[in-house]
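Quick caveat, the model's predicted, so the values are computed rather than measured.
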Amino acid sequence: MVSSAVVTVIVAGRDIATLAPAALDSLLAQTEPRFRAVLIDDGSIDETGAIFRRYADTDARFHAIRHPDSLGLGAARNHGLSLVDTEYVAFLDADDVMRPEALEHMVASLESSGSEMAVGTYVRLREVDGAWVCGDVQPWVRASVTPARAGVTLTDHPAVVGNIVAWSKVSRHALWTRTGVRFPESVLYEDQVVAQRLYAAAQGIDLLDEVVVEWRIRNDGSSITQREADPRVLADCVEQMAAGLDVLRETSAEATAARTTQIRRMDLPRLAGIFDLAPESRALLGTFARTLKPTAEDRALLTQSPANPNNPDAPMIGEVYDRVVAWV
């Protein structure tokens with residue numbers, strides 16, 4: 001317990017012993033030292049728990065918790081939320097890296113603006129020839145916070161809804177208590193609906209056009225997107241995207257349109273391109289696609305945009321959309 005802490009960082013992980021030290025060292029390197037880190041070992045069978053305990057034993061800002069059995073990322077994060085006693089809350093997955101000035105800049109923005117959320121960008125960290133290499137900020141991530149400004153709403157800047165990950169943000173704990181928002185449990189893609197509920201409810205959102213987290217993409221097949229051919233994984237993906245859109249439909253037509261376009265452009269082509277997609281997955285994806293009805297203006301744009309910008313022979317996004325809709 002650290003009484004002077006202003007922000008709690010919830011760090012959850014399972015079986016990531018080789019990567020956890022880098023994540024925790026990135027917290028030690030923060031230029032904002034007034035943090036409390038809740039480290040939740042979600043039923044690991046490797047040395048993850050021992051690493052968490054070692055950091056907790058050497059720095060009073062770290063507090064280690066162990067789940068004897070894995071409850072899932074949503075449940076682990078919810079456990080962490082139940083322990084927050086600071087004004088602000090943030091998340092960091094235990095295999096990612098937080099940039100040194102991330103907490104300082106996001107907390108300072110919220111203290112200056114009075115907003116309830118601060119949102120930054122992130123980059124992918126991929127292993128190349130044995131070394132971890134950072135990529136560039138993806139266009140939709142950059143668009144979610146550009147231009148940088150404070151106190152916006154979804155109507156002011158609907159593109160922010162494309163920034164759905166939990167760990168690119170700092171938010172006021174009061175936002176979580178006021179709304180009662182918690183992560184769905186026993187499902188994957190748990191960030192989707194939570195991000196949209198918080199955006200919809202936030203009394204002011206600050207946009208920071210700077211990288212706050214390096215998101216590690218592992219090559220060992222443990223990434224969710226590497227398992228989307230599994231009908232259960234794809235079902236969670238589709239259901240959580242749909243739930244997020246349902247939230248936005250009740251809040252902002254502009255944000256709904258922005259998120260719908262992003263799904264049509266990015267998610268639908270990726271999922272439709274999975275090799276040997278199961279029949280039940282094709283039907284589910286087709287039914288979902290029918291809810292993503294493009295406007296005439298949007299359809300004209302989609303006829304000029306390839307589903308894979310890196311492949312000149314790729315079909316247009318509109319062609320993919322039409323093909324998937326026909327699966328039902």
Side-chain angles (χ1 to χ4, degrees), residues 6-13 16 19-35 37 73 77 88-113 115-128 131-152 157-172 191-192 194-195 198-199 202 204-219 223-225 258-259 262 265-266 309-310:
V6 298
V7 56
T8 298
V9 185
I10 298 170
V11 184
I16 35 74
L19 303 173
L24 303 187
D25 286 345
S26 76
L27 290 179
L28 290 175
Q30 289 300 302
T31 55
E32 170 54 86
R34 299 172 301 164
F35 67 83
L73 182 57
R77 286 174 172 171
Y88 304 106
V89 60
F91 297 88
L92 178 68
D93 286 354
D95 55 351
D96 294 338
V97 175
M98 185 176 285
R99 290 279 179 92
E101 296 179 331
L103 291 181
E104 177 188 358
H105 288 178
M106 288 192 282
V107 167
S109 180
L110 293 175
E111 291 185 336
S112 173
S113 68
S115 295
E116 290 193 298
M117 292 181 69
V119 185
T121 70
Y122 54 91
V123 292
R124 295 178 180 182
L125 195 59
R126 297 183 183 274
E127 192 171 14
V128 180
W132 291 97
V133 179
C134 282
D136 297 326
V137 178
Q138 295 296 307
W140 74 90
V141 179
R142 179 75 69 196
S144 72
V145 298
T146 305
R149 47 192 171 146
V152 304
H157 193 79
V160 73
V161 298
N163 192 323
I164 58 173
V165 294
W167 31 259
S168 62
K169 307 166 180 65
V170 169
S171 51
R172 291 185 186 272
D191 291 1
Q192 296 263 354
V194 168
L198 293 178
Y199 285 140
I205 303 167
D206 293 354
L207 310 176
L208 281 70
D209 187 8
E210 63 180 87
V211 175
V212 296
V213 166
E214 297 171 8
W215 171 34
R216 201 182 301 271
I217 307 296
R218 290 182 272 172
N219 297 328
S223 166
I224 294 175
T225 54
R259 180 64 178 141
Q262 183 187 39
R265 289 185 174 186
M266 294 172 45
N310 298 318

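- Taking all atoms of both residues into account, the shortest heavy-atom contact from I164 to A195 is O-CB, 3.5 Å.
- In this structure, S113 contributes its side chain and S109 its backbone to a donor-acceptor pair below 3.5 Å.
- L73 and A12 get closest at one heavy-atom pair: CD1-CB, 3.7 Å.
- Taken to the nearest 0.5 Å, the CE atom of M106 stands 13.5 Å off from the OG atom of S115.
- Distance check, rounded to the nearest 0.5 Å: CZ of R124 to CH2 of W132 gives 13.5 Å.
- The closest donor-acceptor contact from the side chain of T121 to the backbone of E210 lies under 3.5 Å.
- No hydrogens or angles considered: a donor-acceptor pair under 3.5 Å links the side chains of E104 and T31.
- The two residues N163 and S144 come nearest to each other via the heavy atoms ND2-OG, 3.2 Å.
- Between the side chain of Y199 and the main chain of V160, a donor-acceptor pair closer than 3.5 Å is present.
- Of the options W167, W140, F91, a ring pair (Phe, Tyr, Trp, His ring centres under 6.0 Å) to Y122 is made by W167 and by none of the others.
- With sequence neighbours excluded, the residues satisfying salt bridge (charged side-chain N to carboxylate O under 4.0 Å, His left out) with R34 are E32.
- No side-chain N or O of Q262 forms a donor-acceptor pair with one of R265 less than 3.5 Å apart.
- Among all heavy-atom pairs drawn from F35 and L103, the shortest one is CB-CD1, 4.0 Å.
- Taken to the nearest 0.5 Å, the CZ atom of R99 stands 4.0 Å off from the CD atom of E214.
- Scanning both residues, R216 and L19, for their nearest heavy atoms gives CD-CD1, 3.5 Å.
- Of the inter-residue distances, the one linking E116 atom CD with L198 atom CG reads 9.5 Å to the nearest 0.5 angstrom.
- I10 CD1 to D93 CG: the interatomic distance, rounded to the nearest 0.5 Å, is 11.5 Å.
- Distance check: L110 CG to D206 CG gives 5.5 Å after rounding to the nearest 0.5 Å.
- Under 4.0 Å is where a charged nitrogen must lie from a carboxylate oxygen, and between R77 and D191 at least one such pair does.
- Residues V9 and L27 form a side-chain contact, since some pair of their non-hydrogen atoms from C-beta on lies under 4.5 Å apart.
- Residue P100 comes nearest to A29 through the heavy atom pair CB-O, 3.8 Å, listed as atom of the first residue, atom of the second, then distance.
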